[in-house]
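First comes the structure, then the notes that go with it.
Note that the structure is a prediction, hence the values are computed from the model and not measured.
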Amino acid sequence: MSSRLVAGLGVALAASISFAPQAAGAAAPPSARPIGALDDAAPLAPVVTSTSFPECSTMCPHDGTPVGVEGTFEVGAAKGDTDVDAYRWAILGPVEGEPSAYSETILTKAGRARSISFTSHKTGLRNLQVQARDKAGVWGHTASYSFYVPANEVVTEWSFGDPSDPGANSGADPTTGTLDLGGAVTSSVGRRDTGLQLRGGAPATAASTGVSTGQDFAVALWAHVDAAESVTLMSVPTAEGNAFEIGYDATDGSWLAGRRSATGAELASAPGGRGAWTHLAATYASSDDALTLWVNGKAVDTVAYSGEAWDGSRWQLGCGSVALPEPRCGDATVDEIGLWDNRASAPAIAERLRLEDETGYATSMAAEWNLGVSTDTVESGVLTDRSFGAPLQVAGIGDQYLSGGFLALPGTTGQSLTLGHPVTDSAVSFSVAASLRLTDPTRGGVIAQQAGENAAAWTLGYRLKSDGSGGQVYFQMADGDSVDATVAEVRADVWTPEEVNVVVAVYDVDLRRIEIYLNGMSPAFGDGSPEGEMPEASFTMPWTARGPFAVGNGTTTLDLAGPEAPLAAEVKGVWQYAGQLSANDIFNADIGLPPGAATPGG
């Protein structure tokens, strides 16, 4: 395809590209001679062609090499330009991760064609600028080549939301990849509406997906490990074992991805934990036989295979190969699974993590301890969870279940409602809510708290204001697992403590912000004092806390060994959500309940 000549482009190009300082050996900036003053002897604009990035400027088809995948251009001298000895190129409007200046000089002889490699980190219409240089050192006219970069779409996608065909592939090639659910069943508590529950039975299988482990590939999924046992979430079984697997190892509480045979394994790993939705991904590069494990959008570990990858294309969920001593058919819930036939880029994985829907970000119930529902009572020292079966162990309270759906917390030392693991991941967006009536508003206490190893990761609590003007609810997040960590805080005044109040705290990882709401409303901005109302605050250092979760008691300091702060209240329920609730969700909730809560008798 021919390129268009752009006369006098020197000024425009300089304005569109941020030139970094030139490193030793790098190409020099354009000749000081204005491009508009080029004489007839200067090289013509070179010719640019590409099968990876077809030329297009209007009404572009959304095909070609997707974002995050390397493609190539061929650059050659214009017909008759035999004096050309080099080329250089630049991208108009570069983004982070792309060259921000002219490339280094690409040498040639007599204008012979040369190849340019480029990986776009942005979708949409892009523009490549190329110049040729003659033996006198003069850079000539500029070729402008427009092309379209499509999004990095998954080939196979399983979302499970279609009740008529929950195993359908909604990816780029829906004619393949249909999933036989096997022993798995759909569940209403998926990460986005309906998910797939793996219950240790026959795996869910797809005979053909068009994605092979013998070439570049990537996989991403949301996973919630329910039981305290090892489980293979996804695998590609072969005669050797698992050509690929991703799952949870209960021995040391870690996420694993790689390959496994009956005699050994080559696996990337990362600290993990059961009981909370986690976004997992793996990318494989055949060029160096390396597989990278991603957790919540971050590349955390890479394993280099000792030999070539085993080739397989039959994917399954819930078990490994039967050739292994332990297929690891465990209990878990998975959702929003995607397979690429290339090594997906960080932006492509991040897009899956964001989990946007038509109305914003998808938020799902992670735990609901709702005493207003008649079937939920405190029995045998256990407060049941209506979502994933995560019971709170009750101690120091006694039989205090009251008619009307309340649990009376006396506010005494030693009272506790605890769970040995988190319910939501504190490193990604989450929300927590509580509905309660304060029985002694003259005393502060912890409503809910998530512990790390050394410090409280976040705390939702109630306290008195020092000026005697009443009490307030507050939400704090610490920026590290240390008793000396910096704490971000939001707070709202409580005007009617004797009535049922619903407090909701939200962490939005995309906006790096925490918020608090009381009875559906955001509080006013305060007067700047340490105890003035504060509806939102910045929080920029997310980290994953894997310690116990507690209701009704904890510490008001970061130090987990600090003095107890038992809450005196009648608790109607506590709820946690994977994802950030919106102000609209919170405002439109039923009176006395947070968004999505089951109503009494439901």
Side-chain angles (χ1 to χ4, degrees), residues 154-171 174 176-209 211 218-237 242 244-248 255-257 272 274-282 295-296 314-321 327-340 352-353 355 357 362-368 385-390 423-425 577-579:
V154 293
V155 174
T156 299
E157 181 174 38
W158 297 307
S159 297
F160 314 109
D162 183 353
S164 64
D165 193 1
N169 167 27
S170 58
T176 65
T178 300
L179 190 69
D180 181 343
L181 299 190
V185 295
T186 56
S187 167
S188 61
V189 291
R191 178 60 185 87
R192 188 216 305 257
D193 298 326
T194 304
L196 188 71
Q197 286 187 325
L198 312 173
R199 288 295 173 256
T205 58
S208 174
T209 60
V211 178
V219 57
L221 72 156
W222 281 96
H224 189 293
V225 176
D226 305 336
E229 60 183 341
S230 299
V231 56
T232 298
L233 299 167
M234 292 190 71
S235 69
V236 179
N242 289 341
F244 168 76
E245 68 172 66
I246 189 167
Y248 174 72
W255 303 115
L256 300 174
R274 54 183 289 253
W277 280 109
T278 303
H279 191 261
L280 303 174
V295 179
N296 290 329
R314 184 172 67 86
W315 292 77
Q316 65 183 31
L317 307 174
C319 290
S321 170
R328 296 188 171 186
C329 305
D331 290 357
T333 305
V334 295
D335 201 1
E336 297 297 316
I337 302 169
L339 291 171
W340 291 263
R352 303 287 299 186
L353 170 65
L355 200 63
D357 58 23
T363 303
S364 55
M365 189 74 74
E368 181 180 12
D385 161 38
R386 291 171 50 80
S387 297
F388 289 95
V423 179
T424 54
D425 192 323
Y577 308 80

Is there side-chain contact between Leu339 and Val154, with at least one heavy-atom pair below 4.5 Å? no
Considering only heavy atoms from C-beta outward, does the side chain of Asn242 approach that of Gln316 to under 4.5 Å? no
Taking the side chain as every heavy atom from C-beta outward, state whether Asn169 and Trp158 have any pair of such atoms under 4.5 Å apart. yes
Can you find a pair of side-chain heavy atoms, one from Thr209 and one from Val155, that are under 4.5 Å apart? no
May I ask you to decide whether Glu336 forms a salt bridge with Arg191, counting only side-chain N to carboxylate O separations under 4.0 Å? no
Check whether any side-chain heavy atom of Pro166 lies under 4.5 Å from a side-chain heavy atom of Leu181, and answer yes or no. yes
Heavy-atom pair of closest approach, residues Leu196 and Thr186: CD1-N, 4.1 Å
Return the orientation label for the His224 and Trp277 ring planes: parallel under 30°, perpendicular over 60°, tilted otherwise. perpendicular
Are the side chains of Phe160 and Asp335 in contact, using a 4.5 Å heavy-atom criterion? yes
Listed by chain and number, what are the side-chain hydrogen bond (donor to acceptor under 3.5 Å, both in side chains) partners of Thr278, not counting sequence neighbours? none
Counting distance only, does the side-chain N/O of Ser159 pair as donor-acceptor with the main-chain N or O of Gly161 below 3.5 Å? no
Over all atoms of both residues, closest heavy-atom pair of Arg314 and Ala206: CG-O, 3.4 Å
Would you find a donor on one side and an acceptor on the other, under 3.5 Å apart, between the side chain of Arg199 and the backbone of Asp331? no
Go through the steps to decide whether Val295 and Leu280 satisfy the test side chain to side chain contact (heavy atoms under 4.5 Å, CB included), and finish with yes or no. CA-CA 5 Å; Val295 179; Leu280 303 174; 4.1 Å; yes
State, with a plain yes or no, whether a side-chain heavy atom of Asp180 is found less than 4.5 Å away from one of Thr178. no
Are any non-hydrogen side-chain atoms of Trp315 and Leu179 less than 4.5 angstrom apart? no
